[in-house]
Amino acid sequence: MPVTRTSFLRNSAILLIVGVIALLGIVGSTIWLVERTQAHFNDVAAAREVRSATTNLRSSLQDAETGQRGFLLTLDEQYLEPFNEARDDIMPNYEHLSEVLQPFPETIEPLERLRDGIEAKVAELDLTIEMAREARRDEAIAIVATDRGKAIMDEARALFSSIIEAADRRLVDGVDEQQASATALRLTAILGGLVILLVGGGSVWIALASQRGLIAARTEVGALNFGLEERVKERTQDLIQANEEVQRFAYIVTHDLRAPLVNIMGFTAELDETMKSIQAYVMADGGTLSEQEIHDARTAASEDLPEAIGFFRSATRKMD
């Protein structure tokens, strides 16, 4: 079935609308999935930051405690170098942890308790180091033996473990969500590509069908034009032939009519002359005409007049 201009425009408009809707859907879905992926990435990054800050603070406390105990046992100053480095990092690491945990109000109270415990632990570390330097190592070891610092560290480790576990869960959930978003984005891209291919294929099919229709129409018009030219030639030839026949007929009729008319006109003039002698004979008295005039009148009446009437009859029959 040939594609008409109306159907071509209608189908093209439908495909265009479908393509625009598909494109808007793809763009909207892509933007939403990208935003969702970015949000999950931010959650993962925040969880990693929390985990890193927690690990750094825990490491600083453990390194400080290790350096303190090494110094107390050996009184070797080389243990104080890692101790001092770790001690100087404790509070900055705590402030960093507090900063990254600000979006989580439930951590405010545990962090305040942790700060008190860290301050107490640092004070204990400084006190025992100072006592060991003053040759009061036994007293310092006795303070350590009270397990007060151990209790502080156990509470801090428990808090650190809970924070790290929560961060790990967030990391796992964030990674899973990122994978789900990536899968959804991939499916959206595939479906969008299929829709675009379908729309493009439909457009190509309509264009090809329209082109085939145009070619068929041109072929039909060419055939009609060719036949029309042949018919025009035939009709023209018929008209020329008819015109020639009319011209021949007019010539024949003109010739056949003119010759009798010429004869009629000639014999009319001769009859007119004949009638003069007859009129003179009829109108005059018998003694006034000469013998020749009487002879001429009798000849005209007996010969010329019948002959003229015969020619008239012959000419009119020919014209008829």
Open item on the list: With a 3.5 Å distance limit and no angle check, can you tell me whether S29 reaches the backbone of I26 through a side-chain donor-acceptor pair?
Closed with: no
TODO: Determine whether R133 and I129 make a side-chain contact, defined as any pair of heavy atoms from C-beta on separated by less than 4.5 Å.
DONE: yes
Task: Over all atoms of both residues, closest heavy-atom pair of S181 and T37 - done: CB-OG1, 3.1 Å
Task: Non-hydrogen side-chain atoms of P110 and L159 separated by less than 4.5 Å - done: yes
Task: Closest heavy-atom pair and its distance - L72, A132 - done: CD2-CB, 3.5 Å
Open item on the list: To the closest 0.5 Å, what do you measure between CD1 (I141) and CZ (R136)?
Closed with: 13.0 Å
- [ ] Answer yes or no: is there a side-chain heavy-atom contact under 4.5 Å between D173 and D43?
- [x] no
- [ ] Using a 4.5 Å cut-off on heavy atoms from C-beta on, say whether the side chain of L114 contacts that of F160.
- [x] yes
Task: Sidechain-backbone polar pair: Y94 side chain, D89 backbone, donor-acceptor under 3.5 Å - done: no
Open item on the list: Does this structure show an ion pair linking E112 with R115, if we count only N-O contacts that are shorter than 4.0 Å?
Closed with: no
Open item on the list: Could you tell me if the side chain of Q102 sits less than 4.5 Å from the side chain of I108, heavy atoms only?
Closed with: no
Task: Residue R48 excluded, over 12 heavy atoms near CZ under 6.0 Å - done: no
- [ ] Go through the steps for I163 and T107 under the test side chain to side chain contact (heavy atoms under 4.5 Å, CB included), then give the verdict.
- [x] CA-CA 9 Å; I163 293 175; T107 62; 5.5 Å; no
TODO: Start with the C-alpha distance between M131 and I143, add both sets of side-chain angles, then the distance that settles side chain to side chain contact (heavy atoms under 4.5 Å, CB included), and finish with yes or no.
DONE: CA-CA 10 Å; M131 293 176 67; I143 293 174; 3.5 Å; yes
Task: Crowding at CD, E81 (>12 non-hydrogen neighbours, <6.0 Å) - done: no
Open item on the list: Can you give me the closest heavy-atom contact between L125 and F83, atom names plus distance?
Closed with: CB-CE1, 3.8 Å
Open item on the list: Out of the candidates R157, R58, K150, R87, only one should pair with E65 under the salt bridge (charged side-chain N to carboxylate O under 4.0 Å, His left out) rule; please name it.
Closed with: R157
Task: Minimum side-chain heavy-atom gap Y79-Q68 below 4.5 Å - done: no
Task: Partner of S52 under side-chain contact (heavy atoms from CB on, under 4.5 Å), chosen from T54, N56, T55 - done: N56
